[in-house]
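Accompanying notes for the structure given below.
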Amino acid sequence: MSRCTAVICELNPLHKGHAHVFNHAVQYGAPVLAVMSGNFTQRSECAVFDKYKRAELAVRAGADIVVELPFPWCSSGGEFFALGGVAIGTSLGSDRFIFGSESGDTEFVKKAAACMKSEEFKNRLTCESTSDSGTAAAHDRAMKHFGFSLGANDKLASQYINAAEKLGADAEFTAVRRISDREVYRSATELREMIYDGNIAEAKRFMPHCRDDISISDVCRDKLSELEYIFFRLFYHKGDGERILDGGGGVADRLAWAAGESASYADFFETAATKKYTDSRLRRAALFTMLGVSREDAVTSPEFTFLLGASKRGREYIAALGDNIGVSLLTKPSAVHRLTDTEKRQYKLSVSADEVYALCMTRGVKSGEFLRRKPYIE
């Protein structure tokens with residue numbers, strides 16, 4: 001089977017740090033595969049630009065193939081986000097994954113990954129877990145006990161490595177140190193703030209390959225919170241969240257309580273917040289409950305993906321793979337009839353998430369907006 005180099009990414013939005021990682025991937029000489037989050041991000045928020053627009057920028061930045069990390073994996077915590085990304089990458093022939101890194105030290109990240117799997121770490125994590133502390137904080141304290149202080153990128157990369165071992169994938173992982181020069185670099189968080197505040201001209205200075213016609217975000221910033229607030233205020237029934245990914249243990253019930261206690265969606269998540277649950281955990285629970293995502297939905301590896309963009313080299317690579325592709329690669333919705341029952345369940349969740357994203361868009365769109373889109377072809 002032919003091989004390619006993979007980058008698991010969100011590109012929300014694509015900035016110079018991402019371009020730096022793609023440039024590094026290109027140097028290996030193999031086709032570059034971007035396994036990119038769909039319309040929702042790991043924080044369970046709407047991406048600032050839709051998945052096809054971001055895929056176009058990825059191709060311009062050096063990706064030969066852009067496929068979707070579909071919902072719910074794209075909106076899950078690190079373990080399932082990594083599982084989904086690595087599963088799709090290896091199913092499309094990737095034997096090397098490149099990742100941005102605070103440390104820039106591949107061996108350090110590998111040692112951190114090994115630590116996370118050890119019984120000693122699991123025992124320490126149990127000790128660090130308290131009733132008023134969230135799992136993320138407990139995890140960080142446990143890692144520090146063993147001498148590992150990980151940035152967000154290094155932590156996620158360690159989960160890529162463990163996901164590959166879990167899947168039995170034979171793949172190499174390479175860290176690329178993040179750019180820190182403030183003269184040329186702004187983080188995705190900073191750029192989103194600029195865009196939402198209407199300073200997109202300033203943001204474009206730090207967004208390579210950005211199209212000239214992009215002038216505003218594709219989504220209204222707070223629309224998703226409003227939809228979730230309405231759902232929990234009107235349609236949620238106590239106890240329904242116990243079967244939901246990230247919604248168990250009373251988390252979804254607390255969101256319903258917060259919706260009733262809040263005079264508007266603007267207060268919703270702030271009212272629900274506690275020391276134990278991060279904002280990301282609450283937002284994941286809200287979105288997953290609204291769309292009915294169970295833990296089983298995320299534990300199972302993705303069995304399908306959408307092709308979002310490709311270069312000529314990428315199309316040739318896909319054609320050469322032939323029947324050796326380990327996932328159903330869809331380019332148009334009419335191909336859904338070929339899917340298995342599991343794939344159809346995954347497809348339905350992904351399409352439902354796209355419908356929610358469409359409801360949040362700054363321009364009004366009809367139902368099925370993203371089923372009518374075509375991959376960006378260079």
Side-chain angles (χ1 to χ4, degrees), residues 1-15 18-19 21-23 25-26 28-40 47-71 74 85 88-89 91-94 98 204 207-215 218 302 304-339 343 347 350-351 353-354 357-358 361 363 365-366 368-378:
M1 182 187 291
S2 301
R3 293 297 187 180
C4 65
T5 300
V7 178
I8 303 172
C9 51
E10 287 190 332
L11 310 185
N12 185 38
L14 187 148
H15 56 59
H18 297 129
V21 172
F22 280 118
N23 287 339
V26 167
Y28 287 95
V32 176
L33 167 70
V35 183
M36 188 192 77
S37 296
N39 281 326
F40 285 90
V48 69
F49 302 122
D50 76 54
K51 59 186 179 182
Y52 286 101
K53 193 174 292 183
R54 287 163 30 243
E56 177 181 342
L57 301 184
V59 173
R60 292 182 176 187
D64 293 298
I65 310 150
V66 185
V67 296
E68 182 175 355
L69 176 56
F71 185 84
C74 64
I88 289 176
S91 293
L92 287 165
S94 298
I98 308 296
K204 282 183 177 181
M207 294 166 55
H209 312 289
C210 188
R211 285 173 16 191
D212 292 338
D213 63 344
I214 293 178
S215 58
D218 284 337
F304 92 99
T305 183
F306 283 107
L307 178 68
L308 301 178
S311 67
K312 181 176 184 294
R313 186 188 193 193
R315 299 196 302 277
E316 291 172 349
Y317 173 80
I318 292 171
L321 283 177
D323 294 333
N324 290 319
I325 296 177
V327 292
S328 292
L329 181 61
L330 303 184
T331 58
K332 53 186 178 180
S334 61
V336 70
H337 71 276
R338 302 198 309 264
L339 301 182
E343 291 168 342
Y347 175 86
S350 183
V351 170
D354 283 345
Y357 187 90
M361 294 184 75
R363 62 182 180 87
V365 296
K366 296 178 180 179
E369 166 74 8
F370 292 98
L371 296 178
R372 293 187 288 272
R373 297 284 190 91
K374 296 180 180 179
Y376 171 75
I377 302 299
E378 188 176 74

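Residue numbers start at 1 and run along the sequence shown.
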| request: May I ask you to decide if the ring planes of Phe304 and Phe306 are parallel, tilted or perpendicular, using 30° and 60° as cut-offs? | output: perpendicular
| request: Return yes if some donor-acceptor pair links the side-chain N/O of Tyr357 with the main-chain N/O of Ala47 below 3.5 Å, else return no. | output: yes
| Roughly how far, to the nearest 0.5 Å, is CD of Glu10 from NE2 of His18? | 8.0 Å
| message | Testing the basics here: between Val7 and Ala25, what is the closest heavy-atom pair and its distance to 0.1 Å? | response | CG2-CB, 4.2 Å
| said: For the CE atom of Met207 and the CG atom of Leu11, what is their distance to the nearest 0.5 Å? | reply: 10.5 Å
| request: Identify the heavy atoms of Arg3 and Pro31 that sit nearest to each other, and give their distance. | output: O-CD, 3.6 Å
| query | Quick one: are Arg373 and Asp50 in side-chain contact, heavy atoms under 4.5 Å? | reply | yes
| remark: Minimal heavy-atom distance between Thr5 and Ser94, with the atoms involved, is C-OG, 4.5 Å
| request: Write down the atom of Gly62, the atom of Val32, and the distance for their closest heavy-atom approach. | output: O-CB, 3.8 Å
| field | Exercise: identify the closest heavy-atom pair between Ala34 and Cys9 | value | CB-SG, 4.1 Å
| Sub-3.5 Å donor-acceptor pair from the side chain of Thr305 to the main-chain atoms of Glu68, do we have one? | yes
| task | Taking all non-hydrogen atoms of both residues into account, name the closest pair between Gly38 and Cys74 and its distance. | result | N-CB, 4.0 Å
| In terms of side-chain geometry, is the basic nitrogen of Glu369 or Arg372 positioned less than 4.0 Å from the acidic oxygen of its partner? | yes
| field | Interatomic distance, Thr331 atom OG1 to Leu308 atom CG [nearest 0.5 angstrom] | value | 11.0 Å
| If we only count heavy atoms from C-beta on, is the Arg60 to Arg211 side-chain gap below 4.5 Å? | yes
| said: Are the side chains of Tyr317 and Leu33 in contact, using a 4.5 Å heavy-atom criterion? | reply: no
| query | Considering only heavy atoms from C-beta outward, does the side chain of Leu330 approach that of Leu339 to under 4.5 Å? | reply | yes
| Distance from Ile65 atom CD1 to Arg315 atom CZ, nearest 0.5 Å? | 11.0 Å
| Test side chain to side chain contact (heavy atoms under 4.5 Å, CB included) applied to Ile318 and Asp64, Leu307, Val67, Leu92, the passing residue | Leu307
| said: Tell me if a side-chain donor or acceptor on Arg54 pairs with a main-chain N or O of Leu14 at a distance below 3.5 Å. | reply: no
| Side chain Lys51, main chain Asp354, donor-acceptor under 3.5 Å | no
| Considering residues, nucleotides and ligands other than Asp213, do more than 12 of their heavy atoms fall under 6.0 Å from its CG? | yes
| Distance in Å, Leu57 CG paired with Phe49 CZ, rounded so as to fall on 0.5 Å steps | 8.0 Å
| note | One should read off an interatomic distance between Tyr52 OH and Asp218 CG, to the nearest 0.5 angstrom, of 13.5 Å
